[in-house]
K.L.:
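First the structure, which I've put down as structure tokens, then a few questions once you've had a look.
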Amino acid sequence: MSKIFGQFFDYGRKVNWLLFILISLFTMGSWIDISGIWCELPLMVEELPERWRLPSILTLISQIGQIGPMIFIIGRRFFPNKFTNANAIIVVLSVGAISCFCLAIFWKKTAFVFNESRSIYLYLFSLSLSLLDSLSTITFLPYVGEFFAKEYIIPNYIGESLSSFIPGLLAIIQGVGSPDECLNITSVDNSTLLVTGVKTKFSVSIYFVLMGVLICTSIISFLSINFVSYFKKIRKNNRLEEILESESAKLNKGSTQTVKIMFFISFLGGFTNYGYLPGLMSYSTIPYGGDFMYLAVNITSCGLTIAVLLSIWSYEVSTKRVIFETCIPLFTSTCILIVSVFSPCPPLVNTNWRRAAGYFMVFCWVMTSCMFIRIRCLIATKLEKYGKQKLFLLGVFAIIGQLLGGLLVYILVDVLRLFHDKPKCSPDDYCLRILN
């Protein structure tokens with residue numbers, strides 16, 4: 001125990017805690033708007049016409065948004081003084097705040113497109129958020145790595161985890177997990193089921209307004225870090241760092257293999273956790289009960305911050321340790337995939353172990369997301385000594401993985417329709433009936 005406290009106090013002596021807090025607050029704005037949309041999905045899938053297909057559609061939209069980093073990379077090649085990390089961060093956060101306020105008004109509006117009623121306004125604002133939020137993957141961490149010591153990589157990921165934790169906490173306060181009520185209305189002629197909606201403490205619209213306010217906090221925090229002279233004095237001596245990085249590269253030619261492994265794991269994490277897996281959220285949880293999707297989304301959101309905080313005590317580990325820890329989320333994500341394939345009648349759904357299976361799915365979602373964000377933190381810490389270019393490439397590989405994974409799940413769910421949902425208020429023996 002004394003060793004653990006010693007590591008924490010040693011870390012504390014290396015950081016400016018005010019800067020630590022401000023970096024956490026500004027990086028909180030990286031994905032908080034997209035995370036907010038996902039936290040509201042348990043409500044949206046019941047109200048919008050796409051139903052269970054909505055997560056896979058939003059996953060595809062998120063992957064289309066990956067052209068944002070491509071535009072930034074091309075722009076930086078020809079206009080390096082305009083397409084800077086700082087300018088990109090300001091645009092990302094500003095558009096995020098505006099889009100959240102617009103979503104508060106238009107999220108529920110639909111239009112008839114391609115012979116089907118679609119949530120076109122939700123699509124458009126999700127696309128605008130994805131175009132810019134995806135930039136955070138290749139701008140936020142490189143910005144922190146360029147100007148500040150490696151100890152500030154941890155608050156960067158704490159902020160990123162807060163972008164999930166705070167939306168999840170607000171969803172819990174909102175009461176998203178309250179299930180629909182199914183009332184059996186009996187008449188002389190027949191018997192019908194009447195479905196009443198989820199009762200929440202405040203609406204989806206108010207939720208998005210709160211998201212917009214939080215992103216405004218991120219904007220203020222970043223402007224303080226970037227322009228206030230007090231924080232400029234804490235920045236690294238970039239010229240000295242470049243010399244040290246150059247010497248380090250000459251002395252560590254054998255580390256090329258390690259860098260390649262880290263890039264591959266980054267790609268794998270993007271492909272799995274941010275690519276194909278989100279589109280399977282409904283199919284892996286709702287068959288066991290509507291509350292399990294709520295639990296998976298919000299417990300995962302809350303657990304991410306804890307996972308990053310624990311990294312303070314072990315943010316410098318061996319390559320073998322990173323590979324070993326990567327095997328854990330790969331196993332749990334495989335369990336999620338298997339259950340989704342059998343939806344809406346996955347294993348154990350017709351047995352007394354139904355609730356236990358649902359909780360196991362929640363466990364798998366929490367472990368997968370928390371382990372992948374911890375692994376990202378470990379990889380970034382390992383690559384920081386190789387310079388900002390390696391941190392930039394780390395984000396590029398993650399984006400490529402997200403793009404391929406998102407396209408794959410969209411084709412499987414929305415084009416081939418290989419996954420199926422279950423009607424609202426289905427009887428407990430629904431799966432037995434369709435099997436017979």
Side-chain angles (χ1 to χ4, degrees), residues 16-40 62 65 68 72 84-108 121-122 124-144 147-148 152 155-174 176 200-232 298 301-302 304-305 308:
N16 179 299
W17 285 102
L18 177 58
L19 177 60
F20 184 102
I21 292 170
L22 289 178
I23 289 177
S24 298
L25 287 176
F26 111 69
T27 54
M28 173 187 71
S30 57
W31 288 93
I32 193 170
D33 34 32
I34 294 293
S35 296
I37 292 175
W38 281 88
C39 286
E40 292 298 279
S62 179
F72 176 77
T84 63
N85 290 333
N87 289 342
I89 291 168
I90 293 172
V91 173
V92 167
L93 296 177
S94 300
V95 173
I98 294 169
S99 295
C100 280
F101 292 131
C102 291
L103 271 172
I105 302 171
F106 298 109
W107 76 270
K108 202 173 180 179
Y121 293 95
L122 177 62
L124 291 174
F125 286 114
S126 294
L127 178 60
S128 70
L129 291 174
S130 298
L131 281 167
L132 293 159
D133 284 5
S134 57
L135 276 179
S136 68
T137 307
I138 60 171
T139 54
F140 281 45
L141 178 60
Y143 175 87
V144 174
F147 292 114
F148 303 104
Y152 292 101
N156 174 84
Y157 281 107
I158 288 176
E160 185 174 325
S161 65
L162 285 174
S163 71
S164 295
F165 172 79
I166 294 178
L169 183 63
L170 283 175
I172 292 172
I173 296 171
Q174 183 186 20
V176 170
T200 57
K201 294 182 177 66
F202 53 87
S203 67
V204 174
S205 295
I206 293 177
Y207 183 93
F208 283 125
V209 169
L210 293 174
M211 289 296 101
V213 172
L214 287 169
I215 297 176
C216 290
T217 303
S218 297
I219 294 172
I220 295 171
S221 299
F222 177 73
L223 293 177
S224 300
I225 293 170
N226 198 55
F227 295 109
V228 174
S229 58
Y230 172 76
F231 297 109
K232 288 184 177 181
N298 293 300
S301 299
C302 296
L304 294 177
T305 304
V308 178

K.L.:
Please tell me if the side chains of Ser99 and Phe208 come closer than 4.5 Å, counting only heavy atoms from C-beta onward.
P.N.:
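No; the side chains remain at least 4.5 Å from each other.
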
K.L.:
Mind checking what makes ring pair (Phe, Tyr, Trp, His ring centres under 6.0 Å) contact with Tyr143, not counting sequence neighbours?
P.N.:
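Checked Tyr143 against ring pair (Phe, Tyr, Trp, His ring centres under 6.0 Å); matches are Phe147, Phe222.
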
K.L.:
Quick one: CZ on Phe165 to SG on Cys39, what's the gap to the nearest 0.5 Å?
P.N.:
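Here the rounded value is 11.0 Å.
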
K.L.:
Could you pull out all residues at least two apart from Ser94 that satisfy side-chain hydrogen bond (donor to acceptor under 3.5 Å, both in side chains)?
P.N.:
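Applying side-chain hydrogen bond (donor to acceptor under 3.5 Å, both in side chains) to Ser94 gives none.
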
K.L.:
Taking all non-hydrogen atoms of both residues into account, name the closest pair between Thr27 and Gly159 and its distance.
P.N.:
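That would be OG1-CA, 3.1 Å.
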
K.L.:
Mind checking what makes side-chain hydrogen bond (donor to acceptor under 3.5 Å, both in side chains) contact with Ser24, not counting sequence neighbours?
P.N.:
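side-chain hydrogen bond (donor to acceptor under 3.5 Å, both in side chains) check on Ser24 returns nothing, list empty.
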
K.L.:
Applying side-chain contact (heavy atoms from CB on, under 4.5 Å), can you list everything that pairs with Ser164, at least two apart in sequence or on another chain?
P.N.:
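Ser164 satisfies side-chain contact (heavy atoms from CB on, under 4.5 Å) with Ser35, Ser301, Leu304 once adjacent residues are dropped.
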
K.L.:
With no hydrogens and no angle check, is any side-chain donor or acceptor of Tyr157 less than 3.5 Å from a backbone partner on Leu141?
P.N.:
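No, the answer is negative, given that no donor and acceptor are paired below the 3.5 Å cut-off.
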
K.L.:
For Asn85 and Phe72, what are the C-alpha separation, side-chain angles and deciding distance, and is it a side chain to side chain contact (heavy atoms under 4.5 Å, CB included)?
P.N.:
CA-CA 9 Å; Asn85 290 333; Phe72 176 77; 3.8 Å; yes

K.L.:
Minimum heavy-atom separation for Leu162 and Pro167, please, with both atom names.
P.N.:
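Shortest heavy-atom separation between Leu162 and Pro167 comes out as O-CD, 3.7 Å.
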
K.L.:
Does anything in residues 210-224 form a side-chain hydrogen bond (donor to acceptor under 3.5 Å, both in side chains)? List the pairs, not counting sequence neighbours.
P.N.:
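Sorted result for residues 210-224: empty, none.
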
K.L.:
Could you list all the ring pair (Phe, Tyr, Trp, His ring centres under 6.0 Å) pairs where at least one residue sits in residues 85-107, not counting sequence neighbours?
P.N.:
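Checked against ring pair (Phe, Tyr, Trp, His ring centres under 6.0 Å) - neighbours excluded - the pairs reaching residues 85-107 are Phe106-Tyr121.
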
K.L.:
Lys232: which residues meet the side-chain hydrogen bond (donor to acceptor under 3.5 Å, both in side chains) condition with it, sequence neighbours left out?
P.N.:
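For Lys232 there are no side-chain hydrogen bond (donor to acceptor under 3.5 Å, both in side chains) partners, ignoring immediate neighbours.
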
K.L.:
Sequence neighbours excluded, which residues qualify as side-chain hydrogen bond (donor to acceptor under 3.5 Å, both in side chains) partners of Ser161?
P.N.:
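Ser161: side-chain hydrogen bond (donor to acceptor under 3.5 Å, both in side chains) contacts with Thr305.
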
K.L.:
Can you list the residues that meet the side-chain contact (heavy atoms from CB on, under 4.5 Å) rule with Leu223, with sequence neighbours excluded?
P.N.:
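Ile90, Ile219, Phe227.
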
K.L.:
Going by the rule side-chain contact (heavy atoms from CB on, under 4.5 Å), which residues pair with Leu19 if we only count those two or more places apart in sequence or in a different chain?
P.N.:
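Asn16, Ile23, Phe148, Tyr152, Ile225, Phe231, Ile234.
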
K.L.:
Could you go step by step and tell me if Ile37 and Phe125 meet the side chain to side chain contact (heavy atoms under 4.5 Å, CB included) rule?
P.N.:
CA-CA 10 Å; Ile37 292 175; Phe125 286 114; over 6 Å; no

K.L.:
Would you name the heavy atoms of Val204 and Glu40 that are closest together and state the gap between them?
P.N.:
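Nearest pair, atom of Val204 first, then Glu40: CG2-OE1, 3.3 Å.
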
K.L.:
First locate atom OG of Ser163, then atom CG of Leu214, and finally report the distance between them rounded to the nearest 0.5 Å.
P.N.:
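Reported to 0.5 Å precision, the distance equals 11.0 Å.
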
K.L.:
Quick one: CG on Leu25 to CD1 on Ile21, what's the gap to the nearest 0.5 Å?
P.N.:
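Here the interatomic distance stands at 7.5 Å.
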
K.L.:
Restricting to side-chain contact (heavy atoms from CB on, under 4.5 Å), what partner residues turn up for Ser136, sequence neighbours left out?
P.N.:
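For Ser136 the side-chain contact (heavy atoms from CB on, under 4.5 Å) partners, ignoring immediate neighbours, are Ser30, Trp31, Phe140.
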
K.L.:
How close do Phe202 and Gln174 get, heavy atom to heavy atom, and via which atoms?
P.N.:
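Residues Phe202 and Gln174, closest heavy atoms: O-NE2, 3.0 Å.
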
K.L.:
What distance do Ile105 atom CD1 and Ser205 atom OG have between them, rounded to the nearest 0.5 Å?
P.N.:
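Answer rounded to 0.5 Å: 8.5 Å.
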
K.L.:
Take Met28 and Ile166 through the test side chain to side chain contact (heavy atoms under 4.5 Å, CB included) and record every step on the way to the result.
P.N.:
CA-CA 9 Å; Met28 173 187 71; Ile166 294 178; 3.3 Å; yes

K.L.:
Met211 pairs by side-chain contact (heavy atoms from CB on, under 4.5 Å) with which of Leu170, Leu103, Asp33?
P.N.:
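When Leu170, Leu103, Asp33 are each tested with Met211, the side-chain contact (heavy atoms from CB on, under 4.5 Å) holds only for Leu170.
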
K.L.:
How many angstroms lie between atom CG of Asn87 and atom CG of Leu135, to the nearest 0.5 angstrom?
P.N.:
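Answer rounded to 0.5 Å: 12.0 Å.
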
K.L.:
Walk me through it: do Tyr230 and Leu18 pass the test side chain to side chain contact (heavy atoms under 4.5 Å, CB included)?
P.N.:
CA-CA 11 Å; Tyr230 172 76; Leu18 177 58; 4.3 Å; yes

